[in-house]
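Here is the structure we will look at.
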Amino acid sequence: MVYFPFVNETFAKWLQAELDRRGLSARELALEMHSSPATVYRVLNGERGVGREVVGKIARALKVADSVVLYQAGFLARDPEDPTQELDP
């Protein structure tokens, strides 16, 4: 399993806001991800970064594109849900 080398605090806040908005607990997200609750708690507490596998599991659990989660985690420079953003030259 490959982890990105840093923990993105902004991502943890976004993920918690998504859970709150959807009325999901961290444990429920973990069940949807087929992961341990400890994995989700560590991400939410900023103790663990996310890798491609975890990004994919979060995206599938939230029923959003991987690119949305990658953007929120800071790995894409452009918001995939905002077509008005221009690409950098």
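None of these values were measured; they are calculated from a predicted model.
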Applying salt bridge (charged side-chain N to carboxylate O under 4.0 Å, His left out) as the test, list every pair that has at least one member in residues 61-75; sequence neighbours left out.
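Counting only pairs at least two positions apart or across chains, the salt bridge (charged side-chain N to carboxylate O under 4.0 Å, His left out) contacts touching residues 61-75 are R52-D66.
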
Given side chains that start at C-beta, do those of Q72 and L15 come closer than 4.5 Å, heavy atoms only?
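Counting from C-beta outward, Q72 and L15 never come under 4.5 Å.
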
So do the side chains of E32 and I58 get within less than 4.5 Å of each other, counting heavy atoms only?
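The answer is no; the side chains never approach within 4.5 Å.
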
Tell me the closest heavy-atom pair linking V43 and G49, and the distance in Å.
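The pair with the smallest heavy-atom distance is CG2-O, 4.4 Å.
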
What pairs meet the ring pair (Phe, Tyr, Trp, His ring centres under 6.0 Å) rule with one or both residues in residues 14-36, with sequence neighbours excluded?
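Applying ring pair (Phe, Tyr, Trp, His ring centres under 6.0 Å) to every pair that reaches into residues 14-36, excluding sequence neighbours, yields F11-W14.
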
Does the pair S67 and L76 meet the rule for a side-chain contact (heavy atoms from CB on, under 4.5 Å), with working shown?
CA-CA 8 Å; S67 59; L76 293 180; 3.8 Å; yes

Output a table of donor-acceptor pairs, distance under 3.5 Å, between side-chain atoms of residues 16-23 and any protein atom two or more places apart or on a different chain; print 'none' if there are none.
from : atom 1 : to  : atom 2 : distance (Å)
Q16  : NE2    : D20 : OD1    : 2.9
E18  : OE1    : R21 : NH2    : 3.1
E18  : OE1    : R22 : NE     : 2.9
E18  : OE1    : R22 : NH2    : 3.1
E18  : OE2    : R21 : NE     : 3.3
R22  : NH1    : L62 : O      : 2.8
R22  : NH2    : L62 : O      : 3.4

For the hydrophobic clusters of this structure (ILVMFWY residues joined by side-chain heavy atoms under 4.5 Å, transitively), does one cluster hold both V69 and L31?
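No, separate clusters.
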
For S25, which residues count as a side-chain contact (heavy atoms from CB on, under 4.5 Å) partner, sequence neighbours excluded?
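Partners of S25 under the side-chain contact (heavy atoms from CB on, under 4.5 Å) test: R27, E28.
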
State which residues pass side-chain contact (heavy atoms from CB on, under 4.5 Å) with A26; sequence neighbours excluded, sorted by chain then number.
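Partners of A26 by the side-chain contact (heavy atoms from CB on, under 4.5 Å) criterion, ordered by chain and then number, come out as V40, Y41, L44.
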
Say you draw a straight line from OG of S36 to CZ of R42; how long is it, rounded to the nearest 0.5 Å?
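These two atoms lie 6.0 Å from each other.
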
